[in-house]
Each structure stands twice: as structure tokens, then as C-alpha cells.
Amino acid sequence: MTTPSDPASLDVLRQRLAAVASLDAAALAAEEIAVLGRKQGELTHQLKALATLALDEKRARGAALNALKLEFEAAVVARRAELAHAASAAEARDIDLTMPGRQLWVGTRHPVTVVIDEIVAIFREIGFAVALGPEIENEERNFGALNFPPDHPALDMHDTLYLDPRGAEWPVGERLLLRTHTSPVQVRVMRAGPPPYRVVIPGLAYRNDPFDASHAPAFAQIEGLAVDEGVTFVDLKATLTHFARRFFRPDVKVRFRPSFFPFTEPSAEMDVSCAICGGIGCAACKGTGWMEILGGGMVHENVLRNCDVDPERYTGFAFGMGPARMAMLRYGLPDIRLLYGGDMRFLSQFGAAGR
Ligand code: DAH
């Protein structure tokens, strides 16, 4: 350290000031403390020592030291900015402009979801509400209350996936299973309060089926139920015909064929003129000109009774359809695995525009 009155001390400080411009970051930080530091800094020390000098000397030297201090501070700030700029420029040089860009994923709705939303919207327009139920059900609601006799072959047909490990020891009717259809939600709706009911019930159903061109072990269904005083088969036909015209096209032809379900009597299946060929006959409709789209019928009086609804006073209709099947018919898809197989290259082509 130089003595306060030593003129050489100012020259030394000026040399150090000149050197600031070539310091690296670490040296700059050290030099800043060594010169400007509030306790040990050389300049600080010199400024404090002014007190010991005679007045004129104090004035002249004080002015020189203060000017030097300002210059030193400015030099440190400038050098620090220069170093920071150089560091970010070096970083920029490290960016590989030939790398492929990062892509943002834009989600699309699943085509089956698109179809479900549309079907639900059509029924909401004509006064149906949406009801939902759990995917785990018991045998009683899935089968018993729906008028399946315990030995009915439909029980095998449904290839039920049972959940309860206690299996046969568990009281029949209470065994838990993955619902094989959305129809048990009809039971839940009816047992929750008195008629009228007018609901559509979208949801997943499960069967122990192989995953092939026309079956999936888990698949969507949409159930419908309308019960009130004086509901007839005419209401069923009118409602479902209106639905087919809205979903496919206004000039679609429909036909009802007799069928069988344990929970409806009479039962029917509904066909629409082929959406692909318009009824002439093509591969999609196997040359018949017709495509089956849903099953339905008048709610069986045993079902009404099982759900505490008086069949002397109330009648109603029910129906069920598979939205994946509806999507296949509308888009002419040959294989349900396209929809339920999870291949994004296929699925992301749908739904982007909201339909
Ligand atoms: N539950 C039937 C199935 O999974 C579909 C069905 C048919 C539902 C007729 C109904 C109905 O409500 O009336 O195959």
C-alpha cells in the first residue's frame, strides 16, 4: 500500500484503471474489491487518509482521487457488461441450427368421443338429459333386474368379466363385474325416483371378447330410456328415425326388424340405408344396402316392476347403440381396431376441427 501523500500512488491507481479493460471475470471481481472495497480497498484507504493532509493538498488530491474513483467504477461496470455479452455470444454459437425444431403437440378429440358428443347433442335437443353410472356393477343390475333369467344364454353371450375373487362363494346377484352394457344404468335411473324419465347414457362397457375387426374388449355404448304415461312403439320409431336423419342425413331411409332382448318386449333392430353407397349395395353394407345401427324396444314390464315402476300406469322405450360402430358406418371404416387401437397417426386426423 502506498502512503497517502505519495504522488506515485495515483499513477499506480491509474495503471490499475487501464488494466481493468483486459481482466477476466474472476480477476475483475477481485480487483473491484481490492480497489473500491469499503474496508480494504486501496482507493478507499487513500480517500480516508486525506484527513491527515494540509488543506490545499487535501483539496487537490481529493479531487484527483474522487475523479479516479468514478472512472474506476465506470470501467468495472463497462468491463463486466463486455464479459457478459461475450459469454452470451459464445452460447449462441453453440446453438445447432440444423437440429429439428421441437414440436408442440396439439390434441384432437378421439373420433369416438366426437361421435358420442354429437349423438348426445341430438338427443338433448329433443328433451333427453344425460345420466351416467359406474363401470363396475353387480350381477343384479347388469342382468337380473334387466330380466335375464339366471341360466339365460345371453349371460354367456355377454362374456362377462367378473371382478370378485370370491367368485361362486359370493351370493349370486351381488357378484361384481365390469358392466357388459350400459343398460344397468337404466335400473339406477328408475330406482332413483319416479317417472317420467328421458335420458341418454354414454359410457364404456366390457366383454371378454378377442380384439378383432368387429369386437373390442372395452367399447363405448350409448343407452337411451324414455318412460312416461302413454309412451308407445310409435314414439320409439319417431324418436329413432329423427335421430338417424340428424346423425346421417335428412333423406336416410330406416327400417325396423323384429329382434330379441330380455329387457324389451317387443324388441327391434334398426337399420339405415347404407351411408357409403346410399342403398345400392357395397362392401360396407355387404351388398344389402342396409346397415344395422341399434337395438331397442318397449321396456319389458318385468324390468319396470324390478325398478319399482308401475307397468299398469307407465310404459316406455329403450335403445342401445355403439358409437364406434356409428363412426365406422359414417366414415366407412373396415375395422374397429382403427378406432380402439390407439394409433395416433390415424386418430389425429379426426376431431381437429371439432368434428
Ligand atoms: N344392451 C344391449 C347390448 O349391449 C343393447 C340394447 C339393446 C340396449 C336394446 C337397449 C335396448 O336398451 O333396448 O347389446
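The shown structure was predicted, so the numbers you read here are calculated from the model rather than taken from an experiment. Ligands are counted one by one from 1 in listed order, and the atoms in each one are counted from 1 as well.
Residue contacts with ligand 1, taken as heavy atom pairs separated by less than 4.0 Å, do not involve M321 at all. At a 4.0 Å heavy-atom cut-off, ligand 1 touches R207 through the side chain alone. At a heavy-atom cutoff of 4.0 Å, ligand 1 is contacted by both the backbone and the side chain of A318. Of the heavy atoms in F319, only backbone atoms (N, CA, C, O) come closer than 4.0 Å to ligand 1.
Relative to the six-membered ring of F219, R207 misses at least one condition, a distance below 6.0 Å or an angle of at most 45° to the axis.
Close approach of ligand 1 to Q186 (heavy-atom distance below 4.0 Å) involves ligand atoms 12 (O). Of all atoms in ligand 1, numbered sequentially from 1 with element shown, those under 4.0 Å from a heavy atom of Q221 are 3 (C), 4 (O). The contact set between ligand 1 and S183, taken as ligand atoms under 4.0 Å from a residue heavy atom, comprises 1 (N), 8 (C). For ligand 1 and T264, the ligand atoms under 4.0 Å from any heavy atom of the residue are 13 (O). Close approach to G296 involves these atoms of ligand 1, each under 4.0 Å from a residue heavy atom: 9 (C), 11 (C), 13 (O).
In terms of polar-atom proximity, G295 is not counted as a contact of ligand 1, lacking any N or O under 3.5 Å from an N or O of the ligand.
Using modelled atom types, one side-chain atom of T44 and one backbone atom of G37 make a donor-acceptor pair closer than 3.5 Å. Using a distance-only test at 3.5 Å, with no hydrogens or angles considered, no donor-acceptor pair links the side chain of H110 to the main chain of Y340.
Applying the side-chain hydrogen bond (donor to acceptor under 3.5 Å, both in side chains) test to residues at least two apart or on different chains, the pairs with a partner in residues 306-329 are E229-R313.
For the ligand labelled ligand 1, residue F317 lies outside the 4.0 Å heavy-atom shell.
Salt bridge absent: E32 and R79 never bring a charged side-chain N and a carboxylate O closer than 4.0 Å. Under 4.0 Å is where a charged nitrogen must lie from a carboxylate oxygen, and between D11 and R14 at least one such pair does.
Tested against F319 for a ring-ring contact (aromatic ring centres under 6.0 Å, His included), the candidates F263, F123, F233 yield a single pass: F123.
Judged by distance alone, the side chains of R61 and S9 do bring a donor and an acceptor atom under 3.5 Å apart.
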